[in-house]
Amino acid sequence: MASPDLSARLGRNSGLLLAAGLLLGLACCPSDVREALLLRRGALVHGQVWRLWTGHWVHFGWSHLVWDVGCFVLAGVWLCELGARRVIWQTLVLLAPLLSLGILLIDPKIGAYGGLSGLVCAEVAVLSVWLWRTNQPTLSVLVSLALALKLGAELLTGQAAFTHFEVGAVHSVPLAHQLGTILGLMWAVFLRKKSA
Amino acid sequence: MPRFIRSFLLLALIGFLSVSCAGFYGYNRSERSSSIVEYLYPDQSKPLPTPTVPVLRLPLRVGVAFVPSARNWGGEISEQQKQQMIQRVAEKFRTQGFISHIETIPSSYLRPAGGLANLQQAGRMLQLDLAVLVAYDQMQYGDENLLAFSYWTIVGSYIFKGNKNDTQTLVEAAVYDIPTGSFLFRAPGANRIESSSTGVRTSERQRLDSATSLSLATDDLISNLDAELVAFKQKIKEGRASVQIEHREGYTGGGAIDVGFAVSLLGLVIGGLWRRRT
């Protein structure tokens, strides 16, 4: 039988686990369903605006999905423990379309985009600010450092070009990570000013 | 029979036997090959193209072709063997994520000693970015051992294995950027087969050795190609390859989290939650 502490924790993170479950379920959907949800420039022009939100939920293989969802849940659990559960939903609802539009506007060559990692970067950026706010500067600096190292490595090594996805001809977009981080930081600063 | 006729017949017999012996106890050699250098740069007096940094627009469209040979003394390998070789090389490239399309360039599209212009012409027709040129060089030596003396009896050439055959094959696949003609990387494959055969089965044995050696050299090439592809991608990641990477218009992208970041985040979460509890 689960301890009351564990039950309480699961209760606090139920929304997060539900989101992760939805993502995993989506990965099992037929490819035409995933195709209808992918962020596609041409389809967006024809009024399929839901893709601005759903594009981040589509993944190009199990390893792509597992790493993205794993980091999303890890950062989300920590934010829940810090009492910032609503930030996760704000990330998914408000930052997702902004990130989608940003990717399409800044990179005119991209035709389609999928994957949660941009939003994961936004979530981690919010987390680092939240840790600072809750008087945990060491952890805040370490989280920021991990994120900065990832972004720096992508810029320096050109990993973007040859990141291997299970589906051929899909390429990593470091722009999504950079933009996600900037949006996350801006959102965290906005929330801080609002609460002040 | 007059004495001079007997002497003449004796001399004729000695001469015939000497020639026969030399004929039996000899060696033969055949060579068949196709050369990438002879195909791309047939005119040695012309200066080589100025080296430029190729721009690779991902995902790439790649063509695989067998280099046509300008000259052959031992007969060329069959069209079926060529197709098998390039299909196997194409299969290796098909699994690469940065390639969107791969096809084999029909042999009729490439002329012997056609040069870079011929390759670029085929590339434009098939809308290709890269060409994987496959070439080979095969030497076959045939020697005879002491058992070859039994061939004088005619029956011996059906029974005793008096012939020693040696087949050496070298194959290579070289990857070129079609618009600039820049060389990107290559992979070799090699094999050597030794066998013995009876006098009447030598040609058949050599044909069999030729096919087997070519197939085994291709196995070697495929395994080396794997390593060269990994090394080439690594060079690009580290910025050591003299190529420029761009994305093609309308490409599909995905956000991907790498293992290092995921593990460091896990460590920080565990540390953070543990600290919070204590």
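Because only heavy atoms are used, hydrogens play no part in the values below, and waters and symmetry mates are left out as well, while side chains stay in. A note on names: the letters A, B, ... follow the listed sequences, proteins ahead of strands, and every chain is numbered from 1.
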Shortest non-hydrogen contact from Gly254(B) to Tyr113(A)?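 Shortest heavy-atom separation between Gly254(B) and Tyr113(A) comes out as C-CE1, 3.9 Å.
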Among [options], which residue forms the greatest number of heavy-atom pairs with chain B at distances under 4.5 Å?
| options | answer |
| --- | --- |
| Ile103(A), Leu116(A), Leu147(A) | Leu147(A) |
| Val120(A), Leu139(A), Asp68(A) | Asp68(A) |
| Val58(A), Asp107(A), Leu127(A), Leu149(A) | Asp107(A) |
| Gly115(A), Ala112(A), Gly111(A) | Ala112(A) |

Could you list which of residues 36-52 of chain A have a heavy atom closer than 4.5 Å to any heavy atom of chain B, in residue-number order?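 The residues closer than 4.5 Å to chain B amount to none at all.
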CD/Glu103(B): more than 12 non-hydrogen atoms of other groups inside 6.0 Å: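 Yes - once you tally the heavy atoms of other residues, nucleotides and ligands closer than 6.0 Å, there are more than 12.
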Between Val143(A) and chain B, with a heavy-atom cut-off of 4.5 Å, which part of the residue counts as in contact: side chain, backbone, both or neither?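 The answer is both parts of Val143(A).
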What part of Val124(A) gets within 4.5 angstrom of chain B, counting heavy atoms only: side chain, backbone, both, or neither?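 Side chain only.
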OG1 on Thr138(A) to CG on Leu268(B), rounded to 0.5 Å: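 Taking CG in Leu268(B) and OG1 in Thr138(A), the distance rounds to 11.0 Å.
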Which of these, Leu265(B), Val269(B), Leu266(B), sits in a side chain to side chain contact (heavy atoms under 4.5 Å, CB included) with Cys71(A)?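 Exactly one candidate clears the test, Leu265(B).
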